[in-house]
Structure formats: C-alpha cells, structure tokens
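Data block below; observations after.
The sequence lines fix the lettering, A, B, ..., with proteins before strands; numbering per chain opens at 1.
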Protein chains: 2
Amino acid sequence: MADINFSRPAAQPDSRGAEVSPGSARAGELRWDIIELLFFAYRDFVGDADHELEAFGFGRAHHRVLHFVHRYPGLKVADLLDVLRITKQSLGRVLKQLLDEGYIIQKTGNNDRRQRLLYATPKGEALVGKLAGMQTDRINRAIAEIGPAGTETVRQFLRAMIDRDDPDKVLETIFGSGKPAKT
Amino acid sequence: MADINFSRPAAQPDSRGAEVSPGSARAGELRWDIIELLFFAYRDFVGDADHELEAFGFGRAHHRVLHFVHRYPGLKVADLLDVLRITKQSLGRVLKQLLDEGYIIQKTGNNDRRQRLLYATPKGEALVGKLAGMQTDRINRAIAEIGPAGTETVRQFLRAMIDRDDPDKVLETIFGSGKPAKT
DNA sequence: AAATTTATGTCAGCCATGTTGACATATCTT
DNA sequence: AAGATATGTCAACATGGCTGACATAAATTT
C-alpha cells in the first residue's frame, strides 16, 4: 500500500560523492528533465509511425529510407548512406525490399551512369505521406500550446542540437549550405 | 559536376496525386521540417552517449535502464518495464549485466518481499552522470541560443509531444500526477 | 489451510537491423 | 590500359527487440 518507492527524483543529485568525471557540466547542473522529455517525446513521436508500418511489414529503417528519398528526390545511394549513417549492407537490405515492392524506383544517373538515383513512387509517396500525417498531427497538437513564435524557438533549439561539423547533403540543405562538405 | 540531384525538397509536396489517406493533416500542411529536425537532433543527442557506452561494452538499452534507476531510486522491475515498454526478457538481459557488473543493486521490498527495488551504485551513478554530462553540454549549447524563456517553451513543446493516456509511474511523476494510472 | 494470483526470473528460439570483411561489376578518371 | 569510384552482394556475427513456456516465492483470496 504505502508504495515507498517512487519517492520522486533524487533530491540530492549525487549523494554518494559519485558522478566522477562528468561530461563537462558540473553536478547539479545536469538537464535531467530535458533529457527525459526528449526520450519520451521521441519515443511517442516515432511510435505513431511504427504502429502503422507494421501493417506493411516494414520497420523504422524502411521509414527513414522512404522519408529521405521522398524529401530529396534523386538522392544517390551514397548520400543516403551518409545521412542514415549505416553501412551499405544494412541499407541494401531495406532498400531492396522497398524497390521490390514498388515504393521506390532507381534511375541511372545522367552524368555518372554508375549512380542510382532514388525516387519514391506514388505508392511510396502515399505511405510516407500517411506516416508524416500522423506525426504532423502530434506536432500540431504540441505547437497549438506554444504558438508560432514558440514554434520558431523549438526549430531553433532543434537545429542547435544537431552536429554541424561534417554535414551530409541533407543537413547542408537544411542549414542552407553553411559548409560545403565533401563533394 | 553538375550534381543534378539534391535539388532541394520537392517544391510541390505531392506532384503525382499521391499522399492518399494522409494521417489527418492535409497535404501541404505536413511538418516535414520539424520531423527531420527531430530525427537529426535525437540522433546526435543519443550519439553522444552511444559512443561513450561502447567503452564499457554497453549499449543504449543499458543506458536507459541505468538512467531511470538512477533518477527514480527504488524503482520496481515492473515499473521499469512500463517505462521502457519492453518485455521482461529483454530487460532481464541488460539488467543482469548491470547487476553483475555492479552498476545497479537490488533490495527486497519491505512491504512486498516479492519486489526487487532497484538502485544505482556509486559506480552506476558515475557512469550515468558522465553520460548525462555529455548530453547536458549539448542541451546547454542549444539553450544558449534561445534563452530561459525559450527553454520553457521547448519544455512545454516536448511535454505536449508525449502521450498522456495510460502514463507509467515516471510520467506520472513528471506530469505531477495528472492521472492516477494503474496502481 | 488450500488455492490462486502476482512479481520476478529464466530457458529457448525467432526477427529486425546494425556490424565487418571480402569480393564482383560497371563506369568514370587518369 | 590502369586505377579509382559507385553500387551490389555473400557470409557471418552482435544487439536488443519479440513470443511462449515454465519455475519460484510471496501475497492474496477463498
């Protein structure tokens, strides 16, 4: 009954003199709250799509590929590898399925015929749009509480959370080509 | 040279009349930008910890367990399962390692001697503190650009992104017991 | 007191998605 | 012609999800 546990987050951040060599933030300054909010927010954010993807026999990996191919039509395989930061073998597996099942098509590059430029098919657009719709609904509900100015603040915060050294082609586009990155 | 691809995100969201049955947000209203920012921000956010965890032979799963046990001392195994939304078999694997290697200890519940209440050891506190330090550094860098008022906006946004139906014990605590949830 | 339910642990095996290493092919560059 | 690059593929392995079955101890119910 008493439920002695769950006595709220530790009042004294590091009772036992632990927390040896903390990143660089000193004890007591740690952003525990935001760390947890990010965990839960992201979990539920991707959870929307995860559920729907099951019905298609796809997973999160397929979603990521389809998303970026849709958003950046003509993306090269090499660029996709950069963005997703996975190996070509991992990508190959999911990409093959998306190709076989007609969600994505490849076109041979005009300049460089070795390249395979990727495009979402109408079928692929439909799926990625449905998933984005669900995620947008969640974002819109959250945005309704903070207004347009707040939305810009959130955008600013999220952009500042992203590593900007060695940006891939997508990040270059997002950040308006601040850095040239590898060609 | 010409690099014909990467011609920026599709100007017309759904050229081919695709996007059948979008979530509920209509085409054109989709929050593509925020969806992508969340992806990249979260990737780099957890990337910090991932890198460090490798040196300990641990993965993201261990981090999550250690984090919540540290933050909510005396957490029951059942509560942890609720929070992480994984099966007890999956939890068992990583929890066993954390116990064996002395990052976490179990204490038998006082009221209910079937329960195993979990606590981080000083060793565990040290690791989780180090990881939180790195993540805090990143958050602080981002916060520096939006100020204290902006930080509150971000907190509000993230909270609103989280599902509030059927909250687990941790979310109950975070949201100040808005809902009683299951006892 | 006996029966049942609950909290936890554990064995065995499957699946998705990440990894490394090796190697093949076509095409572009030198 | 030789070498570098873009892509694909085979094989094997690791992590961390999953299901199903079953065991134990302790609490609760009958």
### Query
What string of B, S and - do you get for nucleotides 17-24 of chain C, 5' to 3', if B is base contact, S is sugar-phosphate-only contact and - is no contact with any protein heavy atom under 4.0 Å?
BBBBBB--
### Query
Minimum heavy-atom separation for B:Asp50 to B:Arg60, with atom names?
OD2-NH2, 2.6 Å
Between the protein and nucleotides 3-5 of chain C, are there any N/O to N/O pairs under 3.5 Å, and if so, what are the atom names and distances?
none

#### Entry: Atom-pair distance (NZ on B:Lys96; P on D:dG16), nearest Å
16 Å
### Message
Rounded to whole Å, please give me the gap between CG in A:Leu81 and P in D:dT7.
### Response
8 Å
### Message
If I take atom CG in residue B:Leu84 and atom P in nucleotide D:dG17, what distance separates them, rounded to the nearest angstrom?
### Response
8 Å
### Query
Please give, in whole Å, the distance from C:dT8 P to B:Ile104 CD1?
14 Å
### Message
Is there a side-chain contact between B:Leu131 and B:Leu66 in this structure, where contact means two heavy atoms from C-beta onward sitting under 4.5 Å apart?
### Response
no
### Message
For a quick test of reading the model: is some side-chain N or O of A:Gln106 closer than 4.0 Å to OP1 or OP2 of D:dG8?
### Response
yes
### Task
Could you tell me whether the phosphate oxygens of C:dT8, OP1 or OP2, come under 4.0 Å of any side-chain nitrogen or oxygen in B:Arg116?
no
### Query
Taking it one step at a time, do B:Asp82 and B:Lys169 satisfy side-chain contact (heavy atoms from CB on, under 4.5 Å)?
CA-CA 8 Å; B:Asp82 264 12; B:Lys169 291 223 174 195; 5.8 Å; no
### Message
Just to be sure I understand the geometry, which residues of residues 39-57 of chain B put a non-hydrogen atom under 4.0 Å away from DNA chain D?
### Response
none
### Query
Starting at CG of B:Leu95 and ending at C1' of D:dG17, how long is that distance when rounded to a whole Å?
16 Å
#### Entry: Distance in angstrom units between A:Leu75 CG and D:dA6 P, rounded
14 Å
### Task
With salt bridge (Lys or Arg N to Asp or Glu O under 4.0 Å) as the test, would you mind laying out the steps for B:Arg138 and A:Asp163 before giving the verdict?
CA-CA 9 Å; B:Arg138 180 181 296 273; A:Asp163 285 335; 3.0 Å; yes
### Message
Among B:Phe68, B:Phe175, B:Tyr42, exactly one meets ring-ring contact (aromatic ring centres under 6.0 Å, His included) together with A:Phe40. Which residue is that?
### Response
B:Phe68
### Message
Tell me the interatomic distance from B:Asp79, atom CG, to C:dT6, atom C1', rounded to whole angstroms.
### Response
14 Å
